[in-house]
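Structure record follows, encoded as structure tokens.
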Amino acid sequence: MKLCVIGTGYVGLVGAAIFSDWGNHVTGVDIDEKKISRIQKGDMPIYEPGLSEIVLNNIKEGRLKFTTSIAEGMKDAEIIFICVGTPQSETGAADLSAVWAVAKEISNHLTDYKVIVTKSTVPVGTNQKVKEIILENLKSDVEFDVASNPEFLREGSSVEDMKDTDRTIVGSESEKAFKTMRRLYEHLGSPIIECDLRSAEMIKYASNAFLATKISFINEIAQICERAQADVSVVAKGMGLDRRIGSAFLNAGIGYGGSCFPKDVAALYKTSTDQAYDFKLLRSVMEVNLIQQFNFINKARKYYGSEIHGKVFGCLGLSFKGDTDDIRESVSIDVIEHLRGLGAKLKVYDPEAMENAKKVLGEESIEYCKSEYDAATGVDALFVLTEWSQFKSMDLFRLKENMKYPVIFDGRNLLDKSAVEGIGFTYFAIGKYTNGVKSIHEKNDVYSSAVLKNGH
Ligand code: UDX
């Protein structure tokens with residue numbers, strides 16, 4: 001099939017690459033000339049395992065090309081995918097200006113039947129409005145259909161996710177559009193849910209909100225586990241083996257981040273209030289997510305008797321999760337900024353996100369290190385902030401030798417409690433009654449309420 005993909009962010013670039021890898025002829029479009037010329041050389045603007053090879057190979061095979069012109073990209077395409085960004089606006093709602101602009105531009109060049117598909121995450125009713133904009137701006141009486149085809153890719157594993165999807169959602173009002181979309185996806189063998197436009201749009205938000213709810217739920221269970229001397233990892237394993245619950249997204253930590261969950265949860269909450277409904281559960285999910293990082297920082301504040309000023313901390317992980325260089329809404333960055341605000345000096349390391357982090361964090365009180373061992377050298381304590389697998393297999397003896405004091409605050413439960421404690425570290429994890437927690441157990445929880453009152 002001939003396809004056009006507008007927008008070369010995570011969704012668009014991975015989508016264009018994989019569609020072409022399936023044998024389709026794909027033109028990727030972006031207004032950013034620099035980005036397009038980088039991609040054409042195989043220099044990916046994002047770090048995504050496996051992506052560069054697929055892009056280069058399909059360019060070489062003549063199935064994948066890129067342009068800055070929508071008119072050129074959509075010329076022979078049967079399907080046009082809109083994959084532009086929908087960032088969070090000041091009200092919490094998604095900013096749809098890029099979607100509207102692209103819809104208008106498409107209508108200017110529409111000369112034969114095409115299916116116009118929104119893949120960007122957009123609130124209920126957006127596809128209907130896309131249809132109206134195109135109808136209003138059409139230059140001739142030409143037939144078209146709109147469809148909603150939300151994407152469920154996770155950064156860091158998006159290439160695999162796209163090939164091995166659990167389901168494909170297609171919302172439309174037209175059997176002709178369903179047929180066209182089936183031709184693209186049915187070879188995957190996984191279920192295709194065909195539904196109305198609005199339900200398709202809701203499926204995406206409801207899915208992300210549910211996963212965020214799972215994370216906030218286990219994070220609250222972790223709070224109780226810690227106080228009740230249970231182990232949240234064991235509890236999550238025991239819960240997850242129940243097929244009705246499932247084991248995914250039950251890893252307790254310092255809260256969810258990234259370009260999707262915070263934005264999508266806020267947007268769904270906004271949709272609920274727009275519909276005169278207060279989605280109370282979702283409000284709590286967001287609140288718990290914020291409190292989770294303060295609870296983590298408070299452990300250090302309690303341990304040091306609030307004397308954080310002048311301490312040197314090693315921080316492992318800057319990206320919002322492992323296997324990505326993306327630092328958007330990264331809780332690791334928030335924690336680092338908070339520790340810096342308390343007067344700590346920080347030695348930071350991330351396998352991929354150093355450059356991105358530098359742009360946001362700057363140089364003040366921060367040393368950018370070459371490795372996890374470098375970041376641990378001479379520090380008062382080590383903070384594990386992002387779930388990179390290489391941090392899991394660190395040489396604990398080497399770490400201990402490098403550090404000034406053997407203290408670890410593990411915000412992702414990456415390390416093995418008995419191994420770490422066995423070597424003589426004072427260890428703090430999430431939702432585990434460790435020797436570190438024991439040492440501060442008797443102290444009153446004065447800081448969390450003070451911090452929250454100050455609105456941090
Ligand atoms: C998410 C959705 O998973 C994906 O379907 C959607 O298309 C885009 O948003 P992504 O943002 O790439 O994907 O990351 P994800 O793997 O879902 O993790 C989001 C955040 O939750 C990360 O900060 C991660 O550290 C955190 N997380 C995830 C947890 O704290 N615990 C978990 O068990 C899982």
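FYI, side chains are in, hydrogens and waters are out, and symmetry mates aren't considered; it's all heavy atoms of this structure. Position 1 is the first residue of the sequence; numbering continues from there.
A cation-pi arrangement is not found for Lys370 relative to Tyr349, the charged atom failing to lie both closer than 6.0 Å to the ring centre and inside a 45° cone about the ring normal.
Listed for the Ser319 side chain is no donor-acceptor partner under 3.5 Å among the backbone atoms of Gly322. Looking only at distances, a side-chain donor or acceptor of Glu48 sits under 3.5 Å from a matching main-chain atom of Ser157. Without hydrogens or angle criteria, Glu421 side chain to Asn435 main chain gives a donor-acceptor distance under 3.5 Å. A donor-acceptor contact shorter than 3.5 Å links the side chain of Thr377 to the backbone of Tyr373.
Between Leu342 and Ile297, some side-chain heavy-atom pair lies under the 4.5 Å cut-off. Taking 4.5 Å as the limit, every side-chain heavy atom of Phe279 sits out of range of all side-chain heavy atoms of Thr271.
Under 4.0 Å is where a charged nitrogen must lie from a carboxylate oxygen, and between Lys299 and Glu226 at least one such pair does. Under 4.0 Å is where a charged nitrogen must lie from a carboxylate oxygen, and between Asp43 and Lys41 no such pair does. Checked for salt-bridge contact, Asp380 and Lys311 miss the test: no charged N lies under 4.0 Å from a carboxylate O.
For the residue pair Asp30 / Thr8, a side-chain donor-acceptor distance below 3.5 Å is found, with atom types taken as modelled.
Two rings, from Phe19 and Phe81, have their centers less than 6.0 Å apart.
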